[in-house]
> 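Once you've had a glance at the structure underneath, I'll fire off some questions.
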Amino acid sequence: MKKSVQNAVKKQIDSEFILEKPKDLSFGHYATPLAFSLAKELRKSPMIIADELCLKFSEASVFESVTAIKGYLNFKLSDKFLNERATVAIKENLEFAKGEKNETILLEYVSANPTGPMHIGHARGAVFGDTLAKIGEHLGYKITTEYYVNDAGSQVEMLGLSVFLAGVDKYTNKDVQWPEEYYRGEYIYELCDEAKEEFGKDIFLDEKNISKLSTWGKDKMLFLIKENLKMAGIEFQNFVSEKELFKSWDASYEKLKAKDALYEKDGKIWLKSSKMGDEKDRVVVREDKRPTYLAGDIIYHDDKFQREYHRYINIWGADHHGYIARVKSAIHFLGYDENKLEVILSQMVALLKGGEPYKMSKRAGNFILMSDVIDEIGSEALRFIFLTKKSDTHLEFDVELLKQQDSSNPIYYIQYAHARINQVFQKSGKSVDDVIDVELKELDEDSKNLLFTALLLPEILEDAFESRQLQKLTEYLRNLAASYHQFYNKHKIVGSDNEDELLKLSSLVATSIRVGLSLMGIEAKSKM
RNA sequence: GCGCUCGUGGCUCAAUUGGAUAGAGCAACAGACUUCGGAUCUGUAGGUUAUAGGUUCGACUCCUAUCGAGCGUGCCA
């Protein structure tokens, strides 16, 4: 819709212009502050320029009127144009707002270590990434989703050690020397019970079995993580193993060496990342020849860029922000355009329950488990709450509020609007097909605004995706639902003179809500 | 100390990325069912956008300083 307007305006005006939505719909559907920027150059007041520009549009058929108010140029769309749009949208149904893009994107997210169950902080990035992918695909981008499994480093060894020590503690007479760092939480003991079932308790007698337990435990945890993700309705296309990637470490290493990006000092190999804006150079290979975690990401991004996507998006926890510079510098040294990589940070989450801090799970070792929260409030409410906030700000929410089934719970508010429309159709005894060909005309002001708002979905999706600010979608749906509830309270639909028109309008609203919710992974109910 | 992110009604968040009178929800108060679902709607109240300067037609948004918060500042991942 926005594009049609842009084209219509372009025909009359030569200069670059920005199209925006006016603060108040009574001004018009679209507006441009173009006159302000021209004021300097033409040495005339913005108001006069706007008046002059206005006259050029007297003939355009898309617009019902074009007016100049306080320097702004306001465009009001014609009924005919809006009606055509509505008919198409309703027919498209779930395909509404679909687009075509010739761009491939590799989206990496979650990538939680396979050393324990997912906690609530992981969940935020997971929901955000999944929804970003769904919206992107709807808009026509070719998106590959990927999970980077850190199955190589010392964390996985620590998992094995923790399980082993738990086994020694529980199934042998030996005293346990607990190290300073190990994984706590009852899930370690659960794992150790499982290990005993599978291998017999003798496995806890010999320390040589630790590495076996590491690999075994990592697989268990990865399986658990996939289960957790499924609970939230999330599935990945690829899982990439850090361990597997290390097989091609030599190739990446040689590349960096050839670019003069490495040097040796104190028996270690360093990356000259400070040359590319990092605070300091970083070690990639330790004295004992073991590569660092950064080495893993170097290979991974080398691998990613060899697959030649147009864009790369990583969603990382906010505590990784210091890590961006070094990965980007590595990408640069590898000979790729580091600007193709975009990192979205997902901030911490604090949970409340009835105003009190949410009880941490002992099972997880004093983290809040994602699965516990989903059991309590459901995956849809969890998804919704994460999507109503910008990803890069701290978020605090109370699970009690999301359990309430009334207006304080926005997800019900939106679903209720959708269900309501369904009920109205039932009451009328008509179907969408019965009213699709009716022409929407001479609607009152409220109905016209509702019509226009419902048609905004495509550009809202575009905007939400491009700016990576998915809260724009939830905000839009809330607004649309509110407009419908207001409309419903004001107008009697069934049995009115223009029943078919109002039904068609309702159907359009339902379509937008349905598409929007489904992209967020939420079902649009036809009955509450 | 340095770096990054941020600071908006009592609470949780928006604000078309520099645009029109800073908007929603919750909580509070006052109202609306002979009507298609009241899981709704209509009102009222609540703001010097942390503070002080600056940039310009125009600033919550950009710049500088100060105050405050979170994170980072491993050869952990």
Side-chain angles (χ1 to χ4, degrees), chain A residues 18-24 27 30-33 35-37 39-40 45-46 69-72 74 111-113 115 150 152-156 158 181 242 266-270 278-280 282-288 290-297 317-325 345 347-348 352 355 385 388-390 392-398 401 404-410 412-413 415-417 419-428 459-460 463 467 469 471-472 474-475 478-479 481-482 484-496 499 502-503 506 527-528:
Chain A
I18 302 164
L19 215 51
E20 52 191 35
K21 274 168 249 158
K23 265 255 147 43
D24 189 337
F27 288 133
Y30 291 94
T32 178
F36 290 100
S37 45
K40 224 179 212 173
S45 119
I69 304 169
K70 285 165 82 178
Y72 284 85
N74 297 299
S111 301
N113 289 343
T115 54
N150 298 126
S154 58
Q155 304 282 347
V156 172
M158 197 154 87
E181 282 189 62
E242 182 186 9
D266 305 332
K268 303 152 204 170
I269 312 281
W270 299 70
D278 198 4
E279 287 171 46
K280 52 183 181 184
R282 307 287 173 176
V283 173
V284 287
V285 183
R286 303 178 179 94
E287 250 172 304
D288 59 9
R290 281 164 48 236
T292 62
Y293 178 71
L294 178 59
D297 253 317
D319 52 342
H320 282 62
H321 71 242
Y323 200 72
I324 299 172
L345 296 178
Q347 266 291 0
M348 306 292 139
L352 298 174
I385 190 74
T388 55
K389 323 285 172 180
K390 270 191 282 211
D392 63 352
T393 52
H394 296 262
L395 162 66
E396 187 175 272
F397 71 92
D398 196 317
L401 291 180
Q404 293 171 18
Q405 307 210 343
D406 59 25
S407 62
S408 62
N409 190 343
Y412 281 92
Y413 185 84
Q415 280 177 329
Y416 182 41
R420 213 167 212 183
I421 292 166
N422 206 274
Q423 298 298 306
V424 171
F425 264 95
Q426 276 201 353
K427 194 87 178 181
S428 73
E459 54 209 77
I460 297 290
D463 187 20
S467 64
Q469 298 188 2
Q471 82 279 2
K472 290 184 178 186
T474 48
E475 204 196 330
R478 219 218 149 266
N479 273 335
Y484 191 78
H485 287 310
Q486 283 161 26
F487 166 81
Y488 175 93
N489 270 276
K490 245 189 215 172
H491 301 265
K492 171 101 180 147
I493 299 170
V494 178
S496 68
E499 176 179 312
L502 299 184
L503 282 172
S506 299
K527 224 181 183 177
M528 300 296 281

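Just so it is clear: chains get the letters A, B, ... in the order the sequence lines come, proteins before strands, and each one is counted from 1.
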> Remember a base hit wins even if backbone is also touched, and classify A:Gln471 as base, sugar-phosphate or nothing at under 4.0 Å, heavy atoms.
sugar-phosphate
> Give a yes or no answer on whether the side chain of A:His491 reaches the backbone of A:Tyr488 with a donor-acceptor pair at less than 3.5 Å.
no
> Tell me what A:Ser467 touches on the nucleic acid: a base, only sugar-phosphate, or nothing, going by heavy atoms under 4.0 Å.
base
> Stacking between A:Tyr413 and the base of B:rA39 (centre distance under 5.5 Å, interplanar angle under 30°)?
no
> Look at A:Asp288 together with A:Arg286 and state whether they make a salt bridge at an N to O cut-off of under 4.0 Å.
no
> May I ask which nucleotide in the shown strands pairs with B:rC13, Watson-Crick or G-U wobble, both distances under 3.5 Å?
B:rG23
> Going by modelled atom types, is there a donor-acceptor pair between the base of B:rA20 and the side chain of A:Asn74 at under 3.5 Å?
yes
> Assuming nearest nucleotide by heavy-atom distance, tell me which of A:Ile493 and A:Glu242 is located more 5' along RNA chain B.
A:Ile493
> Can you tell me the pairing partner of B:rG72 across any strand shown, Watson-Crick or G-U wobble, with both distances under 3.5 angstrom?
B:rC2
> With a 3.5 Å cut-off and just heavy-atom distances, do the side chain of A:His321 and the base of B:rG3 make a donor-acceptor pair?
yes
> Across all strands, who's sitting opposite B:rA32 as a Watson-Crick or G-U wobble pair, both distances under 3.5 Å?
B:rU40
> Would you say a side-chain N or O of A:Gln347 is under 4.0 Å from OP1 or OP2 of B:rG70?
no
> Have A:Tyr484 and A:Ser506 got a donor and an acceptor in their side chains that come within less than 3.5 Å?
yes
> Name the residue closer to the 5' end of RNA chain B, choosing between A:Lys390 and A:Ala482 according to the nucleotide with the nearest heavy atom.
A:Lys390
> Provide the distance between the two C1' atoms, one in B:rA30 and one in B:rA14, to the nearest whole Å.
27 Å
> Looking at A:Glu20, I want to see if its CD is surrounded by more than 12 non-hydrogen atoms of other residues, nucleotides or ligands under 6.0 Å.
yes
> If the cut-off is 4.0 Å, is A:Lys280 near the phosphate of B:rG74, judged by side-chain N/O to OP1 or OP2?
yes
> Considering only side-chain heavy atoms of A:Gln155, which listed nucleotide, B:rU42, B:rU73, B:rA77, is closest?
B:rA77
> Tell which nucleotide pairs with B:rU64, taking only Watson-Crick or G-U wobble pairs whose two distances are both under 3.5 angstrom.
B:rA52
> Using only modelled atom types and a 3.5 angstrom limit, is any donor from either the side chain of A:Glu475 or the base of B:rU16 paired with an acceptor on the other?
no
> Send over the distance from A:His320 NE2 to B:rA77 P, rounded to a whole Å.
11 Å
> Expressed in whole Å, how much space separates the P atoms belonging to B:rA59 and B:rA22?
12 Å
